[in-house]
Amino acid sequence: MFALVDGNNFYASCERIFQPRLRGVPLVVLSNNDGCAIARTAEAKALGIKMGQPAHELKQLVKHQGLQMRSANFALYGDISARVVTILRDEAPRVEVYSIDESFLDMTGIRDREAFAHRLRTKVHRWTGIPNCIGIGPTKTLAKAANKAAKSGAGVVDLTEPDRRAQVLATFPTTDLWGVGGKWGMRLANMGITTAAQLRDAPPDTILREFGVVLARTQRELQGHACIELEDVAPDKQQIMVSRSFAERVKDHQAVAQALATFAVRACEKLRKAGLVAGGVWIFVHSDVFRAELPQHHVNRSISLPVATADSRAVLSIVTRLLHGALKQGVGYKKAGVALLDLGRPEKRQADLFASASAANSKLMEALDGINRKFGRGVAGLGATGWKERPEWGMRQNMLSPNYTTRSSDLPLINC
DNA sequence: TCTGGGGTCCTAGGACCC
DNA sequence: TCTGGGGTCCTAGGACCC
């Protein structure tokens with residue numbers, strides 16, 4: 001038995017915690033570079049704003065409908081998310097953190113599930129300020145569906161009872177199901193399957209043949225057979241990626257190199273924090289794909305490492321080598337990224353017969369990470385990143401809220 | 001002027017093995 | 001009627017998730 005706890009319009013709700021004047025008004029949170037809407041309050045949805053809608057299309061709504069916009073502040077959202085999870089772990093024996101705003105709970109052994117859920121929902125809201133909904137079901141897919149159903153007002157929906165379940169699934173659109181996206185939704189509709197109940201009752205061999213094991217599993221889950229287990233211990237990541245769009249088109253090759261170096265260093269920090277080493281590196285650099293009339297160029301290069309590493313210097317030198325000679329003159333580059341691939345635990349890696357002892361390296365990286373943890377990210381680092389306060393490839397974040405919970409200098413009350 | 005940043009899993013096909 | 005019969009590994013691409 002599973003429950004899914006989901007923060008409503010999570011990013012927007014985080015912004016509202018510390019800015020009460022945002023409550024009751026339409027609000028969207030924008031993607032990096034203030035590009036498009038990635039979270040919308042109910043009031044913003046009521047204005048017809050779509051997920052992913054470009055920010056420049058919303059100007060009239062700002063002017064005439066009082067729409068508020070904020071730049072994404074992931075430091076704030078991550079911290080609020082951790083607070084929510086702390087509460088959930090206090091209340092439930094096993095918790096799987098599924099995303100920044102969603103967690104699955106193991107409900108085994110909890111007797112009055114609905115009463116439990118209502119109490120938990122209130123507690124999360126009171127303690128963190130995040131409004132949320134809880135869906136309960138015998139499978140994860142059904143708990144997700146229950147959560148979706150709960151959003152329309154009830155706050156808590158339990159789909160354990162077969163009658164209640166049948167009633168909800170009868171009108172539940174397939175495209176709202178976990179695991180059914182736009183493409184499959186269209187193909188299902190062409191087969192006359194538009195509701196969760198119809199998918200549940202479709203011939204299983206047809207679903208398996210036409211869509212594969214993934215949708216077949218979803219179908220089984222809709223029938224009440226749990227196929228997807230709770231993952232309360234997160235498996236190690238397989239890859240770590242750091243990429244950004246640039247605020248401007250960048251023609252200066254050194255600036256692109258510094259951007260990639262910055263992403264590489266950041267990726268290595270994440271890698272070491274996870275206690276992993278990388279066996280491969282991938283870089284990409286793209287020109288502005290939205291401006292087809294401009295010269296286009298895509299760089300896409302990767303390499304396997306002879307010896308897996310978590311050392312920023314080693315990865316930086318690889319990235320520099322991969323980028324060498326890759327960029328073209330006169331092309332305005334708009335987006336770039338670095339990915340670390342083939343990740344694994346260092347103790348399971350093949351040692352390098354010919355390498356000199358590398359213990360000193362990890363000590364240096366430990367020191368580097370320690371300094372940055374204590375004094376703030378970017379206090380100590382590597383020269384290849386360029387070290388600029390406002391690099392030409394930097395992000396646009398013109399509507400950024402303060403880091404209320406992670407930076408004391410951002411707290412107006414303390415500045416006295 | 002203007003369009004995010006992360007991830008996972010599955011499948012098909014080719015190269016190669018005995 | 002009836003192609004030999006297994007296998008592994010790798011990659012690219014496509015679907016999905018938030």
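Every chain is numbered from 1 and lettered A, B, ... according to where its sequence line falls, protein lines coming before strand lines.
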So what does [X] hit on the nucleic acid, given a heavy-atom distance under 4.0 Å: a base, only sugar-phosphate, or nothing?
| X | result |
| --- | --- |
| A/Ile228 | nothing |
| A/Leu30 | nothing |
| A/Arg217 | sugar-phosphate |
| A/Gln53 | nothing |
| A/Asp34 | nothing |
| A/Gly182 | sugar-phosphate |
| A/Val289 | nothing |
| A/Glu102 | sugar-phosphate |
| A/Lys50 | nothing |

*Any side-chain N or O of A/Ser243 under 4.0 Å from OP1/OP2 of B/dG6?*
yes

*asked:* For A/Phe263, run the ring pair (Phe, Tyr, Trp, His ring centres under 6.0 Å) check against A/Trp393, A/Phe284, A/Trp282 and tell me which one passes.
replied: A/Trp393

*So A/His253 and A/Tyr333, would you call those rings parallel, tilted or perpendicular, with 30° and 60° as cut-offs?*
perpendicular

_Does the plane of the ring in A/Phe74 sit parallel, tilted or perpendicular to the ring in A/Tyr77? Use 30° and 60° as the thresholds._
perpendicular

Compare the minimum distances between each of [options] and the side chain of [X], then state the nucleotide with the smallest one.
| X | options | answer |
| --- | --- | --- |
| A/Ile240 | C/dC18, B/dC2, B/dG7 | B/dG7 |
| A/Met241 | C/dC17, B/dG6, C/dC16 | B/dG6 |
| A/Val214 | B/dC10, C/dA15, B/dG4 | B/dC10 |
| A/Ile38 | B/dG4, B/dC9, B/dG5 | B/dG4 |
| A/Ser31 | B/dC9, B/dT11, B/dG4 | B/dG4 |
| A/Arg291 | B/dT3, B/dG6, B/dC2 | B/dC2 |
| A/Lys335 | C/dC18, B/dC10, B/dG5 | B/dG5 |
| A/Trp178 | C/dC18, B/dT1, B/dG4 | C/dC18 |
| A/Arg244 | C/dC18, B/dG5, B/dC2 | B/dG5 |

*asked:* Judged by each residue's nearest nucleotide on DNA chain B, which is more toward the 5′ side, A/Met51 or A/Gln239?
replied: A/Met51

*Closest nucleotide of DNA chain B for A/Gly212 versus for A/Asp236: which of these residues is on the 5' side?*
A/Asp236

_Residues which pass side-chain hydrogen bond (donor to acceptor under 3.5 Å, both in side chains) with A/Lys45, listed by chain and number, not counting sequence neighbours_ = A/Asn9

*Pairing partner (Watson-Crick or G-U wobble, both distances under 3.5 angstrom) of B/dC18*: C/dG5

*Spacing of the C1' atoms in B/dG4 and C/dC17 (rounded, Å)*: 15 Å

_With a 3.5 Å distance limit and no angle check, can you tell me whether A/Asn73 reaches the backbone of A/Leu76 through a side-chain donor-acceptor pair?_
yes

*Going by ring centres under 5.5 Å and near-parallel planes (under 30°), is A/Trp184 stacked on C/dC16?*
no

*Please state how far atom NE2 in A/His56 lies from atom P in B/dC2, giving the value in whole angstrom units.*
9 Å

*A/Arg396 has an atom CZ; how far is it from atom P of B/dC2, in whole Å?*
7 Å

_Going by side chain to side chain contact (heavy atoms under 4.5 Å, CB included), A/Ser287 matches just one of A/His298, A/Lys334, A/Lys251. Which one?_
A/His298

